[in-house]
Amino acid sequence: MTQLQKFGALFGVIGGALRIIAIFIPYAPETAWLEALYATIDLGFLFGLIAAYLATADILRLPGFTGFIIALSGVASIVGPDPQMFGINFYWAGSSVFVFGLALLSVDMLRTRQMPLAASFWIASALTGIASTFGAVPFAFEIAGAALGCGFIASGKSILTRRPTGA
């Protein structure tokens with residue numbers, strides 16, 4: 001396991017835990033400490049995603065790689081303050097791309113039996129996120145955020161507790 005994988009796994013766990021905590025903090029625009037919290041969460045997801053992919057890259061196929069690239073692009077676009085310009089909410093757009101890519105990656109992870117708990121949480125997050133768009137499920141946005149955070153906690157734990165092969 002590389003230092004990047006260890007760092008990413010640990011930071012992913014932190015980002016996941018903070019995402020769950022953030023559910024209970026009311027949003028207040030242009031609040032410095034809240035923006036710092038969200039940036040920490042997003043960076044945790046960014047490095048956690050990289051660690052999850054590196055830990056499974058030799059087994060995943062093209063759908064997993066494609067999902068990783070899409071998810072990486074989405075999460076990279078939301079790190080930092082999220083502007084609304086040209087009538088586009090860049091947080092919602094980036095988040096949607098992130099969760100879609102994560103779901104695609106997760107399907108390949110389930111197919112290859114890699115981190116099934118994390119993959120299941122990430123798929124649940126995507127499905128619940130879709131439900132939140134249509135207002136079909138009460139507290140769906142919060143549930144989607146919790147599932148996303150749980151996925152990163154499960155992924156990081158899986159990576160950090162993995163036995164080295166060939167030892």
Side-chain angles (χ1 to χ4, degrees), residues 1-25 27 31-57 60 63-83 89-110 114-133 140-162:
M1 177 180 341
T2 67
Q3 287 183 331
L4 178 59
Q5 283 178 281
K6 288 178 189 174
F7 173 80
L10 181 59
F11 207 15
V13 168
I14 292 168
L18 290 175
R19 179 62 185 96
I20 294 166
I21 292 167
I23 292 167
F24 303 101
I25 302 171
Y27 178 72
T31 305
W33 72 268
L34 203 49
E35 287 299 326
L37 173 68
Y38 295 147
T40 302
I41 292 167
D42 295 342
L43 286 170
F45 289 170
L46 179 74
F47 288 110
L49 174 63
I50 292 168
Y53 183 74
L54 289 175
T56 58
L60 297 179
F65 176 71
T66 303
F68 167 69
I69 294 299
I70 292 169
L72 191 64
S73 300
V75 75
S77 76
I78 63 172
V79 173
D82 306 304
N89 182 323
F90 281 88
Y91 173 77
W92 286 102
S95 295
S96 298
V97 170
F98 172 46
V99 173
F100 171 75
L102 203 52
L104 183 59
L105 170 64
S106 296
V107 168
D108 204 30
M109 289 171 78
L110 288 175
Q114 300 298 304
M115 297 185 212
L117 183 59
S120 296
F121 274 123
W122 289 334
I123 289 171
S125 177
L127 295 175
T128 313
I130 291 168
S132 76
T133 302
F141 181 76
E142 291 81 1
I143 295 167
L148 183 64
C150 287
F152 277 95
I153 292 169
S155 170
K157 184 175 184 275
S158 173
I159 294 165
L160 293 170
T161 59
R162 221 175 241 191

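Just so you know, these numbers use all the heavy atoms, side chains as well, and skip hydrogens, waters and symmetry mates. Here, residue 1 is the first one in the sequence, and each next residue gets the next number.
Contact between Ala55 and Arg162 at its shortest, heavy atoms only, is O-NH1, 2.9 Å. Nearest heavy atoms, Asp42 versus Val75: O-CG2, 3.8 Å. When all heavy atoms of Ala52 and Met115 are compared, the pair lying nearest together is O-CE, 3.9 Å. Minimum heavy-atom separation, Ala22 to Tyr38: CB-CE2, 4.3 Å. Here the closest non-hydrogen pair linking Val13 and Lys157 is CG2-N, 4.0 Å. Nearest heavy atoms, Gly94 versus Ser77: CA-OG, 3.3 Å.
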Could you give me the CA-CA distance, side-chain angles and deciding distance for Leu105 and Leu60, then say whether side chain to side chain contact (heavy atoms under 4.5 Å, CB included) is met?
CA-CA 9 Å; Leu105 170 64; Leu60 297 179; 3.5 Å; yes
Side chain to side chain contact (heavy atoms under 4.5 Å, CB included) assessment of Ile78 paired with Ser95:
CA-CA 7 Å; Ile78 63 172; Ser95 295; 4.0 Å; yes
List the steps and the verdict of side chain to side chain contact (heavy atoms under 4.5 Å, CB included) for Trp33 and Ile25.
CA-CA 12 Å; Trp33 72 268; Ile25 302 171; 3.7 Å; yes
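Listed for the Arg19 side chain is no donor-acceptor partner under 3.5 Å among the backbone atoms of Phe152. Between the side chain of Ser73 and the main chain of Ile69, a donor-acceptor pair closer than 3.5 Å is present. A donor-acceptor pair is defined here as one N or O able to donate and one able to accept, closer than 3.5 Å; such a pair exists between the side chain of Thr40 and the backbone of Ala36.
For the atom pair CD1 (Ile20) and CG (Leu148), the distance works out to 9.0 Å, reported to the nearest 0.5 Å. Distance check: Ser132 OG to Leu127 CG gives 11.0 Å after rounding to the nearest 0.5 Å. A distance of 11.5 Å separates CZ of Phe47 from CG of Leu54, quoted to the nearest 0.5 Å. Leu102 contributes atom CG, which lies 9.0 Å from atom CD1 of Ile123 (distance to the nearest 0.5 angstrom). Atoms CZ and CH2, from Phe98 and Trp122 in turn, are 8.0 Å apart once rounded to the nearest 0.5 Å. Taken to the nearest 0.5 Å, the OG1 atom of Thr31 stands 7.5 Å off from the CD atom of Glu35.
Between Phe141 and Trp92, the angle of the ring planes lies from 30° to 60°, which puts this pair in the tilted group.
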